[in-house]
Amino acid sequence: MEDEAFTDISGKAISLDCHSHSGFCREFTVSSPKVSVGKVMVYTCCVWLLAYTVFFFTQNTAVLSSAILITLVGMMFHIHFVKVDHESLLVIGSLGIQVSSCYASGRETTTFIEMSKIKDIVINEAIYMHQIIYYLCVLLKDPAEPKAVSSVVPLFQSSKPRLNCLVKVYKSCQEILSKC
Amino acid sequence: MVLKIYFPQCCNRADSGLMVGRWIAGHDSAVVLAVIHYPFIPGQVKRYIQQIQAQSGVELSVLGSWSLPKEGQEGMESFLRDLSTIFPQERWLQINREFGKTGFTCEVLTQDQNGGTTQQEAKKKKKMVEEGDGEAVGDGEEEGEEEKVIFVHYEQKKVMLSQLHPIENGVPDPKADPPSELRQMFRMVANSQPLFFLDKYDDGPLKTTHWQSEGREGSIIVELLKQASAPLCLLISWLLSIWTCFCNIRIFSLYPLRFLSTKLSTCIQLSYRTEHMRTLSSAKPAAGHTQFMRKANILVSLLVDVALGLLLMSWLYRDNHITMLANALVPAADHIAKELDELLQWLMGAPAGLKMNRALDQVLGRFFLYHIHLWISYIHLMSPFIEGILWYGGLSACLGLTFALSLLSDMVALLTFHIYCFYVYGARLYCLKIYSLSSLWRLFRGKKWNVLRQRVDSCSYDLDQLFIGTLLFTILLFLLPTTALYYLVFTLLRLVVVLFQGVLHLSVDFINSFPLFAVGLRIFRSFRLAEGVKFRVLCEEPGTALHLMMEINPLKYGTVVQTYRTPTYSCYPKDSWTALVKKLFVGELIYPWRHKTTKTD
């Protein structure tokens with residue numbers, strides 16, 4: 001279990017957890033910073049103050065109830081669909097690679113890619129708005145042409161770790177992939 | 001190379017015995033399907049396996065031995081190795097488990113071509129003896145050629161019943177890749193149904209453990225429905241044949257009736273439902289997963305439709321709702337007629353400050369006013385019958401809510417027939433005007449449309465042609481605003497009606513095509529529709545093989561709806577927005593919703 005100080009591309013601190021279950025099975029988990037209570041309180045107070053001012057002028061209580069409803073629904077939507085808690089990559093030699101994201105509400109989405117479809121795992125460069133960032137991705141084979149790449153599956157999309165973190169994961173993965 | 005063994009969870013606590021299953025061709029994996037317990041007669045086992053092979057078409061073989069020694073059952077090692085000579089295989093797996101420990105151990109015996117047996121774990125066995133405990137190392141740890149083993153635990157019932165998506169049916173394309181390991185594994189388990197009939201409580205010569213061994217699972221309701229479905233299907237097909245004969249009577253294939261039946265949405269919906277009933281009442285059971293899902297979806301949507309229709313009927317026939325509706329209809333029609341009247345009077349004056357051509361204005365305005373007068377007298381004539389019509393029309397809701405909605409849409413079309421007429425008159429007039437204007441404009445410039453070459457060519461006209469042409473052009477140009485305004489007003493009215501009808505058709509389409517059964521299956525039995533699998537590492541003891549738990553990753557809701565949508569005569573816009581606007585501008589008649597019929601269109 002290693003825990004150096006990694007950051008993502010915008011400078012927020014993230015943590016990387018490498019767990020080796022066996023010689024050919026390793027799991028990498030990148031955790032994003034949690035939802036900050038301060039931010040939640042600031043947003044809620046802003047929305048409610050706005051609702052109160054509108055109520056002061058219109059004297060319509062529906063404004064207040066709708067503000068409460070909007071805040072609740074918005075918060076639930078955010079933690080269930082938007083806020084990613086941690087993303088993990090499980091590499092099992094000769095079986096495949098499993099990519100999963102866990103959201104703040106506990107919901108987990110998982111994808112498993114079989115080894116026969118995987119060509120390689122590489123670190124790619126991309127132009128993202130005004131920066132050039134590095135990202136780790138899985139190259140999939142094209143069933144028709146064995147040498148061509150049919151599609152690219154990017155990993156750790158929400159946490160976006162920086163190059164030092166990616167290099168660590170990359171080296172570990174390549175050890176396993178080269179063995180099988 | 002890593003050896004993968006797919007082990008069913010139900011056999012985790014099975015008594016010692018032989019493992020029966022199959023090796024997956026092309027990959028280094030074995031799927032264990034069942035465990036046959038001691039004592040057994042090897043000849044009977046071989047015969048049983050051949051019998052199952054003949055029934056299911058899956059090649060079964062004895063994979064190896066499984067031992068979970070209870071107290072007092074020690075020293076089976078040599079017995080187990082002797083078994084490998086009775087059932088000659090290329091590779092023989094020996095899996096051991098001890099009570100109190102969660103990890104399995106595996107030894108692989110390979111038979112090389114000379115018939116001699118080499119034991120892969122020879123070195124490790126020595127190491128085992130040296131270490132003095134019963135744990136052999138299954139995964140890779142130093143010392144030369146060691147076979148690494150992964151145990152993948154799967155839940156047999158779920159894997160057997162689930163269907164991997166995207167569905168690959170029929171004969172696989174020889175040019176495409178062979179099916180992946182997972183697909184092969186799923187197919188193997190699904191096809192091994194005959195293996196799961198005997199369990200360890202049966203009185204046969206062999207006692208096996210698999211997912212049904214705690215007793216065969218079944219549901220009384222499902223069995224009763226299956227028994228009842230056969231005579232029901234016969235009854236429905238008989239009724240359908242009578243209905244088809246009735247529909248094929250010569251009188252119905254006369255031109256006006258046939259044309260009408262393609263235009264009325266009730267008739268279309270009727271024919272559509274007849275198709276559905278025909279699919280449902282076919283005597284053969286569904287072949288394949290897609291057929292089964294389609295039949296189930298059709299049945300569920302039919303039942304929901306009828307239920308909603310009955311709900312509507314119960315509301316309609318209660319508390320004199322029909323009388324209220326009928327009494328509200330005639331004043332509503334009067335109100336619409338009055339509004340149209342006022343609209344026309346406004347157009348005949350100076351609408352929005354525009355100055356109309358007086359004579360043309362009066363002609364068009366009077367023409368349309370007379371139409372409205374005819375229509376309102378017709379409505380007043382019909383008013384005593386409206387309640388009766390509504391009452392009998394409401395009865396059609398017992399066939400389903402879709403029929404009630406189609407009937408409503410047809411009635412709206414009939415009642416607003418005058419708006420449709422106005423629109424057609426206005427559009428035709430406008431279209432004619434636009435075409436003549438464009439043709440005369442070309443004459444004005446000295447050009448002509450060449451029909452042969454489909455292009456504009458220059459042409460020398462005579463003087464009198466030019467004179468008359470210019471005169472007509474001027475007249476038509478100055479009459480254009482009046483016609484354009486009438487056209488605009490009636491097109492807008494027509495679009496409102498079309499929009500309302502479109503909403504009704506869309507809801508009918510939605511009820512027809514939404515795969516309610518598939519969505520229900522996804523909610524309650526999510527393992528049956530699988531997008532893939534997911535693995536979880538089970539807590540391992542240090543030094544044992546890697547144990548993974550394979551779970552089914554269910555399909556996403558969007559994919560479920562997309563895959564299992566019943567194809568319908570989908571009601572969708574015929575033209576894109578630009579084409580529609582262009583047609584409106586030129587004055588061509590628009591029929592915005594197109595119905596895809598099953599016959600030639």
Side-chain angles (χ1 to χ4, degrees), chain A residues 1 17-29 80-81 86-103 106-119 138 140-151 153 155 172 175-180, chain B residues 1-6 24 26-29 103 137-143 146-152 164 168 172-173 175-186 530-557:
Chain A
M1 289 247 221
D17 184 21
C18 306
H19 191 51
S20 179
H21 296 285
S22 99
F24 48 87
C25 173
R26 297 207 188 136
E27 185 166 6
F28 309 96
T29 314
H80 196 70
F81 290 107
H86 60 262
E87 289 173 298
S88 77
L89 175 72
L90 175 69
V91 182
I92 310 169
S94 90
L95 200 59
I97 292 184
Q98 173 166 294
V99 181
S100 87
S101 336
C102 186
Y103 291 84
R107 179 172 84 106
E108 235 181 286
T109 53
T110 326
T111 329
F112 178 72
I113 309 171
E114 290 182 71
M115 203 47 104
S116 54
K117 294 207 182 86
I118 296 177
K119 193 160 189 297
V138 179
L140 300 182
K141 277 189 208 154
D142 194 1
E145 277 174 75
K147 296 220 176 188
V149 174
S150 79
S151 55
V153 178
L155 306 172
S172 239
E175 275 172 26
I176 300 181
L177 285 184
S178 57
K179 267 195 252 172
C180 314
Chain B
M1 222 17 229
V2 182
L3 175 68
K4 289 163 274 196
I5 302 179
Y6 292 89
I24 301 185
H27 307 265
D28 216 1
S29 345
V137 182
D139 60 344
E141 262 190 21
E142 77 295 304
E143 292 212 14
E146 288 173 3
E147 188 103 7
K148 304 173 209 163
V149 178
I150 304 181
F151 284 100
V152 179
L164 269 182
E168 277 171 25
D173 189 7
K175 278 187 292 207
D177 274 345
S180 65
E181 183 183 341
L182 272 176
R183 244 179 228 279
Q184 286 190 31
M185 185 241 167
F186 271 66
E531 193 184 24
V533 293
K534 46 187 178 198
F535 290 92
R536 199 164 39 105
V537 180
L538 294 172
C539 54
E540 67 269 14
E541 286 160 10
T544 56
L546 181 67
H547 289 266
L548 296 170
M549 178 72 204
M550 183 171 90
E551 284 158 350
I552 308 245
N553 201 8
L555 210 53
K556 295 201 225 305
Y557 287 102

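Just so we're clear, the structure is a prediction, and the values are computed from it rather than from any experiment. Convention: sequence-line order gives letters A, B, ...; per-chain numbering from 1.
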Handout entry: With A/I92, the side chain to side chain contact (heavy atoms under 4.5 Å, CB included) member among B/V152, B/I150, B/V537
Key = B/I150

Practice task
Could you list the residues that satisfy salt bridge (Lys or Arg N to Asp or Glu O under 4.0 Å) with A/K117, not counting sequence neighbours?
Solution key: A/E114

Exercise for the section: Would you give the length of the straight line joining atom NE2 of B/H547 to atom OG of A/S22, rounded to the nearest 0.5 angstrom? Expected result: 11.0 Å

Handout entry: Nearest-0.5 Å distance that lies between atom CZ in B/R536 and atom CD in A/E27
Key = 11.5 Å

Problem - Inter-chain contacts: residues 548-555 of chain B against chain A, heavy atoms under 4.5 Å - result: B/L548, B/N553

Practice task
Apply ring-ring contact (aromatic ring centres under 6.0 Å, His included) to B/F535 and list each qualifying residue two or more places apart in sequence or on a separate chain.
Solution key: A/F112

Practice task
Look at atom NZ of B/K556 and say whether more than 12 heavy atoms of other residues, nucleotides or ligands are closer to it than 6.0 Å.
Solution key: no

Exercise for the section: Not counting sequence neighbours, which residues clear side chain to side chain contact (heavy atoms under 4.5 Å, CB included) with B/S29? List them please. Expected result: B/K4, B/Y6, B/I24, B/H27, B/E181

